[in-house]
Chemist: 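Structure incoming, see below.
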Amino acid sequence: MGKSYLLISGKGGVGKSTLAAALAVTAARQGSRVALVDGDIGLRSLDLLLHLQDKVLYDLKDLVEHRCTLDQALIWHDEFKNLCLIVGGQQAKPKDFQKKDLQKVVRTLTRRFDLVLVDGPAGLGRGVNNFTNIVDEVLLVLTPDPVSIRSAEKLANQLYAAGLRPSMILNRVNKELVYSGAVPQPNVIASSLDLPLLGVIEESPLIYQALLNGKTAAQTEDENITASFEALLRAVNGDLEPVPDFKKTHKSLFQRIRDWLKD
Ligand SMILES: Nc1ncnc2c1ncn2[C@@H]1O[C@H](COP(=O)(O)OP(=O)(O)OP(=O)(O)O)[C@@H](O)[C@H]1O
Ligand SMILES: [Mg+2]
């Protein structure tokens, strides 16, 4: 039996879909069977992030309304053969879905896949409520900007009131701003929100570049980014290691020349 996760955020555009696609690719590379569900009903994006847009025939609405079978709704990735996607209906609305139908879909998927990732919409509307309580864990994505932090706090309080215990992922962290003190250390942000910190992904232009090339954030050439997704996946899978603070390393002249030659 696999595990299911829902990625949500208070504020939009913080990287939920980027992280869902990258975690899926990271897990698929390690041999896990992975199903991604685009739960951002009406605003799907995972088909584009995984370069599967030309293969979409059926969506989640077709599935719950029995216009297709589960196997017909699964869109398999060309490169990662153990990774597939179910898209949310482009014309559908969150109110078109009954929780029990979505629960059935998620349950069936966890029987067939090791990892089921549902990419949710921003905010705490019907779109998110459709999926809370029917997944094993809720992952709250935020960036270190004050608006995102405040909206994450509000969302976390609402989830707590509903009996849910989310964990957080901090995305788009700019190392230099942390060094300069303009942005707090990720652990400080996590303790101010009183949420377990699963991982930190740095801000990188390579992530946007990967997107333009039809690749996910886990497929940049940067080993550090790949390693941070691997660490995040371990934490998501329950192997929670403390996230180290960002510390500026003072490199010797020899190290700097070696790095320069490597570039
Ligand atoms: N770590 C990062 N570094 C640089 N760019 C990033 C990073 N994470 C995400 N982005 C960029 O941020 C933008 C928004 O990301 P994404 O669509 O994944 O956010 P989202 O939370 O799913 O948005 P929405 O709420 O609209 O669904 C994209 O252009 C993506 O490439
Ligand atoms: Mg999204």
Side-chain angles (χ1 to χ4, degrees), residues 5-26 36-53 56 59-60 85-90 92-94 117-132 135 138-145 147-152 154-156 166 168-178 183 186 189 197-233 243 246:
Y5 300 86
L6 170 67
L7 287 92
I8 57 171
S9 68
K11 183 176 175 283
V14 296
K16 297 175 294 299
S17 305
T18 304
L19 299 191
L23 280 172
V25 162
T26 305
L36 268 168
V37 179
D38 199 328
D40 199 353
I41 308 297
L43 273 175
R44 70 171 197 239
S45 53
L46 287 179
D47 54 323
L48 289 171
L49 296 190
L50 293 162
H51 209 56
L52 292 173
Q53 64 274 24
V56 178
D59 58 40
L60 198 53
L85 168 70
I86 300 182
V87 296
Q90 191 72 332
K93 295 188 177 63
L117 291 168
V118 182
D119 177 26
L124 191 67
R126 167 88 189 240
V128 166
N129 279 327
N130 274 341
F131 289 102
T132 48
V135 289
V138 176
L139 311 177
L140 185 48
V141 181
L142 64 145
T143 63
D145 79 86
V147 178
S148 174
I149 295 172
R150 183 191 279 168
S151 62
K154 192 169 173 189
L155 185 54
M168 65 172 262
I169 302 170
L170 196 62
N171 187 28
R172 307 197 75 156
V173 177
N174 181 319
K175 253 192 326 212
E176 299 302 324
L177 291 179
V178 177
V183 164
I189 298 176
L197 177 62
L198 295 187
V200 174
I201 306 296
E202 284 180 37
E203 167 78 30
S204 167
L206 296 177
I207 289 185
Y208 182 57
Q209 219 169 300
L211 171 88
L212 296 178
N213 293 331
K215 303 266 184 212
T216 69
Q219 295 164 279
T220 69
E221 302 281 293
D222 188 317
E223 289 168 13
N224 291 330
I225 299 178
T226 308
S228 50
F229 281 113
E230 287 165 356
L232 176 60
L233 181 67
V243 175
F246 282 86

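Counting starts at 1 for both ligands and their atoms, in listed order. Note that the coordinates shown come from a computational prediction; the quantities given were computed from them, not determined experimentally.
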Chemist: Check this for me - ligand 1, V14, N or O atoms closer than 3.5 angstrom, yes or no?
Modeler: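 Yes.
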Chemist: Strictly by side-chain hydrogen bond (donor to acceptor under 3.5 Å, both in side chains), give each pair with a member in residues 219-232 just once, sequence neighbours left out.
Modeler: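 Qualifying pairs, neighbours excluded: T216-Q219.
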Chemist: Atom CD1 of I86 and atom CG of D59: how far apart are they, to the nearest 0.5 Å?
Modeler: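 Reported to 0.5 Å precision, the distance equals 10.0 Å.
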Chemist: When you look for heavy atoms under 4.0 Å from ligand 1, do you find them on the side chain of S17, its backbone, both, or neither?
Modeler: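 Both of them.
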Chemist: From the options G10, G15, S228, select the one whose nearest heavy atom is closest to atom 19 (O) of ligand 1.
Modeler: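 Checking each option, the heavy atom nearest atom 19 (O) of ligand 1 is found in G15.
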Chemist: Out of V14, I201, L139, which residue meets the side-chain contact (heavy atoms from CB on, under 4.5 Å) rule with L19?
Modeler: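 Output: one option passes, namely I201.
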Chemist: Suppose we measure from atom 3 (N) of ligand 1 to each protein heavy atom; which comes out shortest, and what is that distance?
Modeler: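 For atom 3 (N) of ligand 1, the nearest protein heavy atom comes out as S204 N, 3.0 Å.
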Chemist: To the nearest 0.5 Å, what is the distance between CG (L6) and CG (D119)?
Modeler: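 Here the rounded value is 8.5 Å.
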Chemist: Provide, to 0.1 Å, the distance between atom 14 (C) of ligand 1 and the closest protein heavy atom, together with that atom's residue and name.
Modeler: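 Ranking protein heavy atoms by distance from atom 14 (C) of ligand 1, first comes G13 O, 3.7 Å.
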Chemist: What distance do K16 atom NZ and L46 atom CG have between them, rounded to the nearest 0.5 Å?
Modeler: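 Reported value, rounded in 0.5 Å steps: 11.0 Å.
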Chemist: Given E202, R44, R172, K11, which has its nearest heavy atom closest to atom 13 (C) of ligand 1?
Modeler: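 Of the listed residues, R172 has the closest heavy atom.
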Chemist: For atom 27 (O) of ligand 1, what's the nearest protein heavy-atom neighbour? Residue, atom name and distance, please.
Modeler: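 Protein heavy atom with the smallest distance to atom 27 (O) of ligand 1: D40 OD2, 3.4 Å.
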Chemist: Under a 4.0 Å heavy-atom limit, does I207 contact ligand 1 with its side chain, its backbone, both, or neither?
Modeler: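 Side chain only.
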Chemist: In chain order, what residues pass the side-chain contact (heavy atoms from CB on, under 4.5 Å) check against A22, with sequence neighbours excluded?
Modeler: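 By the side-chain contact (heavy atoms from CB on, under 4.5 Å) rule, A22 matches A217, A218, F229.
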Chemist: Identify the closest protein heavy atom to atom 25 (O) of ligand 1: which residue and atom is it, and at what distance?
Modeler: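 Result for atom 25 (O) of ligand 1: K16 NZ, 2.7 Å.
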Chemist: How many angstroms lie between OG1 in T143 and CD1 in I189, if you round to the nearest 0.5 Å?
Modeler: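 Those atoms lie 8.5 Å apart.
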Chemist: Are the side chains of D47 and L85 in touch, meaning some heavy atoms are under 4.5 Å apart?
Modeler: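 In short, these two side chains touch, coming nearer than 4.5 Å.
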Chemist: Do V183 and N174 have side-chain heavy atoms sitting under 4.5 Å apart?
Modeler: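 Not in contact.
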Chemist: Under 4.0 Å from a heavy atom of G12: which atoms of ligand 1 are those, numbered in the order shown and with their elements?
Modeler: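 Selected atoms, number and element: 25 (O).
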Chemist: CD1 of I8 to CG of L155: how many Å apart, nearest 0.5 Å?
Modeler: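 Between I8 CD1 and L155 CG, I get 4.5 Å after rounding to 0.5 Å.
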Chemist: Could you name each residue pair satisfying salt bridge (charged side-chain N to carboxylate O under 4.0 Å, His left out) that touches residues 198-219, not counting sequence neighbours?
Modeler: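 Found R172-E203, K175-E202.
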Chemist: What part of N171, side chain from CB on, backbone N/CA/C/O, both or neither, has a heavy atom under 4.0 Å from ligand 1?
Modeler: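 Side chain only.
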Chemist: Return the closest protein heavy atom for atom 29 (O) of ligand 1 as residue, atom name and distance.
Modeler: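 Looking at atom 29 (O) of ligand 1, the protein heavy atom closest to it is Y208 CD1, 4.0 Å.
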Chemist: Between CG of L7 and CD1 of I169, what distance do you get to the nearest 0.5 Å?
Modeler: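 Going from CG on L7 over to CD1 on I169, the span is 5.5 Å.
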Chemist: What protein heavy atom lies closest to atom 16 (P) of ligand 1? Include the residue and the distance to one decimal.
Modeler: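 Looking only at protein heavy atoms, the one closest to atom 16 (P) of ligand 1 is T18 OG1, 3.5 Å.
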Chemist: Which protein N, O or S atoms lie under 2.8 Å from the Mg ion (ligand 2)?
Modeler: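 Sorted hits: S17 OG.
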